[in-house]
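All figures in this text were calculated on a predicted structure; none of them were measured in a lab.
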Amino acid sequence: MKPHIFFSTVLATLFCVAAGSGCLAQSSSSYFLSGSYDRYRLNPALTPQRAFVAFPALGSTGIESNMNVGLSNFLYESESKPGSLTTFMSGDIAPEDFLSDLPEVVRLNANLDVDIFGLGFGGPKWYFWLDSRLRSLQNVSIPDDMFAFMKAGMAKGEYDINDLSIVSTNYLQTAVGFQFEPARNLKVGVSTNVLVGAAYAKVNIDNLHASIGPDKWMVNSSATVMMDVQKTRLVLDEDGKIDGIESDIEIEDYKHPQGYGVTFDLGAEYDLNDIVPGLKVSASVTDLGAMTWKDVQILETRKGNGVEFNGFTQGDETVNMADEFEEMARFTEQQNTTVRNTFDPTVRLAAQYGIPGAEWLSFGELVTVRKGMNELKEARSSVNMRLGRVLEMSGNMAFSNLGTSFGGAVNLHALMFHLFADVEAGSLRLNPQYIPLDGFSVVANVGLRIGIGSRRF
């Protein structure tokens, strides 16, 4: 197996893990719709007009998937064969041309959010809610040094690749929130979210050092595998290679969760109607906190793990490079430990302007900044409409580090039922097979909630 084929296979596997995972998921399209029953998750100061009840899965299901690269980063028009395409590994493509278009870290994320139960109620100047939901976060992070290494082939050079990782975090989140009005025209909200861990896994290449000469490779690596799943362990054979998974789970075992954590959401909204009729501003920060996983299984690569590769044939034998690299995947099990991982806080700043005399129409601008493995820097402009008390709609456009995206939301209030759907999709350029050519993102939420009682405002 040639070097680039081996590494391409590894990277393709990482991309599939992210893109195929159950897809922190919350659409921004409903932020300016006052009839929304779940925008308090974006800003706890923005609460529903009525009391509500949400049931398992029906309440709300959200998916999010994004990546900061696309097909155009890896496919190019061939110079040696005009009219055809070639990959970035081709000799037609200069390394500097390929690498200059890549971000420092290639990120792929896929997240799932499913309601278990929800309840909210309040008066004209206060609101309380309690809800539970399952959240599953999948993240893949690949430094651009890995692609530089792949592109190098057998070219002479020294390469250091750090922090290539795959992380899966799965937990139950129960939120208790309260919104009130401490002063005229000012609304403030806070939500405390208690997290109960279900499963955690992380594979991290801490460092991979390669010394490449014209006819010889020397590669050494340091990697860590972590897993915390109820009564489930990775099993090593006598050579230190992962031989499988051993599990002995029983129902009563789930009485003792694998991890605990807490996060906080804070938000505020101020109505500037006395100064500028129709204008409101708001701000929030969500997912402030961390989670601790107990009894995490740790596997570390053995010291001195490395390979020396002198070519694809040695004497009369053909050397399989994949087999050579498997020699680096030998682990030693360490003592179980406790792992603490933080979340990616999200900051939102917004302004909404309703046309005086035309209360059915408003315009909104929402800026979202999120750091970490789910990095996002986005400015989203919205046009929002309300048709009586039955239907609300929003159409929007956003510019972000993931590219340009369009979104929309529909809220239907029929009798006591509140049906909503939000979708945001982010790539303007698709190939004939509908594969994004540039950075890609998609967020979707759909759900049904039961409204109770009369409107608060």
Side-chain angles (χ1 to χ4, degrees), residues 23 25-64 112-122 124 127-133 175 177 179 187 189 269 278 280 282 348 350 352-355 358-364 366 380-398 405-426 442-457:
C23 197
Q26 182 72 34
S27 168
S28 298
S29 292
S30 63
Y31 191 93
F32 298 109
L33 299 182
S34 60
S36 170
Y37 276 67
D38 67 345
R39 62 177 184 156
Y40 63 84
R41 292 176 175 174
L42 299 171
N43 183 335
L46 307 178
T47 50
Q49 295 178 347
R50 289 180 175 176
F52 74 87
V53 175
F55 297 104
L58 293 175
S60 176
T61 298
I63 61 172
E64 175 183 3
L112 173 69
D113 224 325
V114 180
D115 270 12
I116 302 300
F117 176 75
L119 172 67
F121 58 89
Y127 201 85
F128 173 87
W129 66 90
L130 169 69
D131 70 21
S132 292
R133 50 183 170 150
Q179 176 259 318
K187 296 179 181 179
E269 181 189 52
K280 295 179 181 180
S282 59
R348 296 181 177 89
Q352 182 178 12
Y353 179 69
I355 306 297
E359 290 76 11
W360 58 273
L361 178 65
S362 71
F363 301 90
L366 175 63
R380 184 171 297 272
S381 302
S382 302
V383 178
N384 316 289
M385 294 178 289
R386 184 178 72 249
L387 303 179
R389 292 193 169 187
V390 178
L391 183 65
E392 284 185 307
M393 296 180 294
S394 176
N396 52 75
M397 180 179 182
S405 69
F406 292 92
V410 176
N411 290 342
L412 178 63
H413 314 286
L415 298 176
M416 60 187 297
F417 298 100
H418 168 73
L419 179 65
F420 63 92
D422 311 335
V423 177
E424 297 167 9
V442 61
V443 184
N445 288 277
V446 63
L448 172 67
R449 297 197 175 191
I450 309 301
I452 302 172
S454 58
R455 296 175 185 269
R456 300 163 51 226
F457 51 86

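- For S132, the side chain to side chain donor-acceptor pair (under 3.5 Å) partners at least two apart in sequence or on another chain are T174.
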Margin query: Is there a side-chain hydrogen bond (donor to acceptor under 3.5 Å, both in side chains) between N396 and S29? Walk through the geometry before answering.
Written below: CA-CA 7 Å; N396 52 75; S29 292; 3.0 Å; yes

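- Residues meeting the side-chain contact (heavy atoms from CB on, under 4.5 Å) test with I452, sequence neighbours left out: A51, V53.
- You'll find the side chain of L412 stays beyond 4.5 Å of the side chain of F420, heavy atoms only.
- Residues W129 and P44 meet the side-chain proximity criterion, which asks for heavy atoms closer than 4.5 Å.
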Margin query: Pair R380, S405 - check side-chain hydrogen bond (donor to acceptor under 3.5 Å, both in side chains), show working.
Written below: CA-CA 9 Å; R380 184 171 297 272; S405 69; 3.1 Å; yes

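- For the atom pair F32 CZ and N384 CG, the distance stands at 7.0 Å (nearest 0.5 Å).
- In plain terms, the two heavy atoms of H413 and R389 that are nearest each other are CB-O, 3.6 Å.
- Side chains of L46 and E269 form a contact here, defined as non-hydrogen atoms less than 4.5 Å apart.
- You'll find the side chain of Q352 reaches within 4.5 Å of the side chain of S362, heavy atoms only.
- Every residue meeting the side-chain contact (heavy atoms from CB on, under 4.5 Å) condition with M393, not counting sequence neighbours, appears here in chain and number order: M385, L387, L391, V410.
- Judged by distance alone, with hydrogens and angles left aside, the side-chain atoms of R449 form a donor-acceptor pair with the main-chain N or O of Y37 at under 3.5 Å.
- In this structure, R41 pairs ionically with D131, as a charged nitrogen and a carboxylate oxygen lie closer than 4.0 Å.
- No side-chain heavy atom of D113 sits under 4.5 Å from any side-chain heavy atom of S60.
- Contact annotation: the side chain of S34 approaches that of E392 to within less than 4.5 Å [non-hydrogen atoms, C-beta and beyond].
- Residues R348 and L366 are in side-chain contact: their nearest non-hydrogen atoms beyond the backbone lie under 4.5 Å apart.
- Rounding to the nearest 0.5 Å places CG of N445 at 6.5 Å from CG of D38.
- Contact between T47 and Q179 at its shortest, heavy atoms only, is OG1-OE1, 2.7 Å.
- Side chains of V423 and F406 form no contact here, defined as non-hydrogen atoms less than 4.5 Å apart.
- Ring to ring, F121 and F128 are close: their centroids are under 6.0 angstrom apart.
- Summarising the geometry, atom CG belonging to N411 is positioned 8.5 Å from atom CG belonging to L419; distances are rounded to the nearest 0.5 Å.
- In this structure, D115 contributes its side chain and F117 its backbone to no donor-acceptor pair below 3.5 Å.
- Applying the side chain to side chain donor-acceptor pair (under 3.5 Å) test between Y31 and each of S282, S394, S382 identifies S282 as the sole match.
- When all heavy atoms of M416 and I450 are compared, the closest pair comes out as CE-CG2, 3.2 Å.
- Although no hydrogens or angles enter the test, the distance criterion places a donor-acceptor pair under 3.5 Å between the side chain of E424 and the main chain of S28.
- Within the model, atoms NE2 of H418 and CG of L448 stand 8.5 Å from one another, a figure rounded to the nearest 0.5 Å.
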